[in-house]
Amino acid sequence: MVSKSSENNSTIVNKVLTKLRKEILSGKLKEGERLIQDEWAKKLNVSRMPIREALTHLEIEGLVEIIPHKGAIVTSITPEDIEEIYYLRYLLEGIVVEKSLLHLTDEDIEQLGDILHEMETLQLTDDTYDRYAALNKQFHEILRKGSPWTRVNKIVDNLGISPIAPKLLAKYYEKTQQEHRRIYEAVLRGDPQEVKLAMQYHLLRTKNNLLEVLQKMNEEEKNDQDDD
């Protein structure tokens with residue numbers, strides 16, 4: 001059983017994480033800027049521990065880089081980054097899953113179905129986003145694992161931003177799961193072209209949704225500054 005103090009700490013960390021993530025993605029915190037734990041602890045009226053935990057999460061998401069003797073440095077993700085990443089994934093990941101399909105084993109496809117089922121039944125909360133992100137990553141990796149084009153597969157692997165997407169796109173969760181199921185059903189039908197098109201549709205929608213979320217964050221940040 002989780003203690004009340006553990007729940008309170010988790011809530012504080014999530015609030016700190018949400019605040020810092022929003023400030024980075026809205027552009028208020030610029031790339032290369034150093035995040036000093038003591039300053040943010042004072043600013044947010046919390047101890048250093050939730051700041052430290054939040055920065056660890058942000059490093060996993062790719063929004064900060066923790067450098068020895070320097071601390072956390074903002075790396076950020078801009079709309080241009082998202083356009084570039086998802087354009088490349090649209091082109092390359094579609095080809096990879098198309099070429100992979102005929103090499104997937106029955107065990108691969110069964111595992112894909114198990115992952116999809118867990119994603120569809122998972123209740124998204126602050127405590128389950130990381131699990132969902134891991135399942136989403138595994139879902140895409142299995143779809144690509146049979147591709148003989150290993151160089152292209154490695155390029156797709158390095159493009160990423162998957163860890164942050166589920167947290168930003170929670171309101172699109174139901175639609176995203178419909179897209180995952182469409183991909184899976186194309187796999188069951190054994191149609192490489194259909195798998196490619198379903199993946200490309202999914203990536204295009206994800207890109208557009210991320211851009212919409214970033215635009216809304218920028219508008220909210222501007223409104224907050226106007227109010228000040």
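Fair warning: this is a prediction, and the values are worked out from it, not measured in the lab.
- Looking at every heavy atom in both residues, L143 comes nearest to L112 through CD2-CD2, 3.6 Å.
- Under the 4.5 Å side-chain heavy-atom criterion for ILVMFWY residues, a single connected hydrophobic cluster contains both L188 and F139.
- Closest of all the heavy-atom pairs between Y173 and T121 is OH-N, 4.4 Å.
- Counting heavy atoms from C-beta outward, R131 and E118 have side chains that approach closer than 4.5 Å.
- L116 contributes atom CG, which lies 11.0 Å from atom CG of N136 (distance to the nearest 0.5 angstrom).
- Residues I85 and L203 share a single hydrophobic cluster, defined by chaining ILVMFWY side chains whose heavy atoms lie under 4.5 Å apart.
- Between the side chain of E98 and the main chain of P192, no donor-acceptor pair closer than 3.5 Å is present.
- Looking at heavy atoms from C-beta onward, K145 lies in side-chain contact with L104 at the 4.5 angstrom threshold.
- Atoms CD and CG, from E31 and D81 in turn, are 7.5 Å apart once rounded to the nearest 0.5 Å.
- Atom CZ of R189 sits in a crowded spot, with more than 12 heavy atoms from other residues, nucleotides or ligands closer than 6.0 Å.
- Using a 4.5 Å cut-off on side-chain heavy atoms (C-beta onward), W40 and E23 make contact.
- The CD1 atom of I24 sits 7.0 Å away from the OG1 atom of T75 when rounded to the nearest 0.5 Å.
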Check the pair I51 / L55 against side-chain contact (heavy atoms from CB on, under 4.5 Å), numbers first and verdict last.
CA-CA 6 Å; I51 301 294; L55 291 175; 4.1 Å; yes
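- The minimum heavy-atom distance between K70 and R34, with the atom names listed, is O-NE, 2.6 Å.
- Using a 4.5 Å heavy-atom threshold, the side chains of R181 and Q177 count as separate.
- Closest of all the heavy-atom pairs between E83 and L211 is OE2-CD1, 3.3 Å.
- Between D38 and the options R48, R52, K43, a salt bridge (charged side-chain N to carboxylate O under 4.0 Å, His left out) holds for only R48.
- D108 contributes a side-chain N or O that, together with a main-chain N or O of T105, makes up a donor-acceptor pair within less than 3.5 Å.
- Under the 4.5 Å side-chain heavy-atom criterion for Ile, Leu, Val, Met, Phe, Trp and Tyr, I12 and L17 are members of the same hydrophobic cluster.
- Within 6.0 Å of the CD atom in E84, the count of heavy atoms belonging to other residues, nucleotides or ligands does not exceed 12.
- Annotation: the span from E212 atom CD to I82 atom CD1 amounts to 12.0 Å, rounded to 0.5 Å.
- A donor and an acceptor atom, one from each side chain of N209 and T206, are nowhere located under 3.5 Å apart.
- We find the CD-CE distance between E179 and M199 to be 10.5 Å, quoted to the nearest 0.5 Å.
- Within 6.0 Å of NE2 in H117 there are 12 or fewer heavy atoms belonging to other residues, nucleotides or ligands.
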Kindly indicate, with the supporting measurements, whether the criterion side-chain contact (heavy atoms from CB on, under 4.5 Å) is fulfilled by Y132 and T176.
CA-CA 12 Å; Y132 181 81; T176 299; 3.8 Å; yes
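- Ring orientation note: the planes of H140 and H180 are nearly perpendicular, at an angle over 60° on the 30°/60° scale.
- Considering only heavy atoms from C-beta on, Q138 comes within 4.5 Å of I142 through its side chain.
- No donor-acceptor pair under 3.5 Å is formed between the side chain of S147 and the backbone N or O of R144.
- A single hydrophobic cluster is not seen to contain both V156 and Y201; linkage of ILVMFWY side chains at heavy-atom distances under 4.5 Å, directly or through other members, places them apart.
- Connection of I155 to V96 is established within a shared hydrophobic cluster, with ILVMFWY side chains joined at heavy-atom distances below 4.5 Å, either directly or through further cluster members.
- The 12-atom threshold is not exceeded at CZ of R182, counting heavy atoms of other residues, nucleotides or ligands nearer than 6.0 Å.
- Between V16 and P50, the shortest heavy-atom contact is CG1-O, 4.1 Å.
- At least one donor-acceptor pair closer than 3.5 Å links the side chain of S100 to the backbone N or O of G146.
- Other residues, nucleotides and ligands contribute only 12 or fewer heavy atoms inside 6.0 Å of the NZ atom of K42.
- For the atom pair CG of N14 and CD of E53, the computed distance is 9.5 Å after rounding to the nearest 0.5 Å.
- When all heavy atoms of D157 and E141 are compared, the pair lying nearest together is OD1-OE2, 4.3 Å.
- Proximity of L35 to L29: side-chain heavy atoms (C-beta onward) are separated by under 4.5 Å at one or more points.
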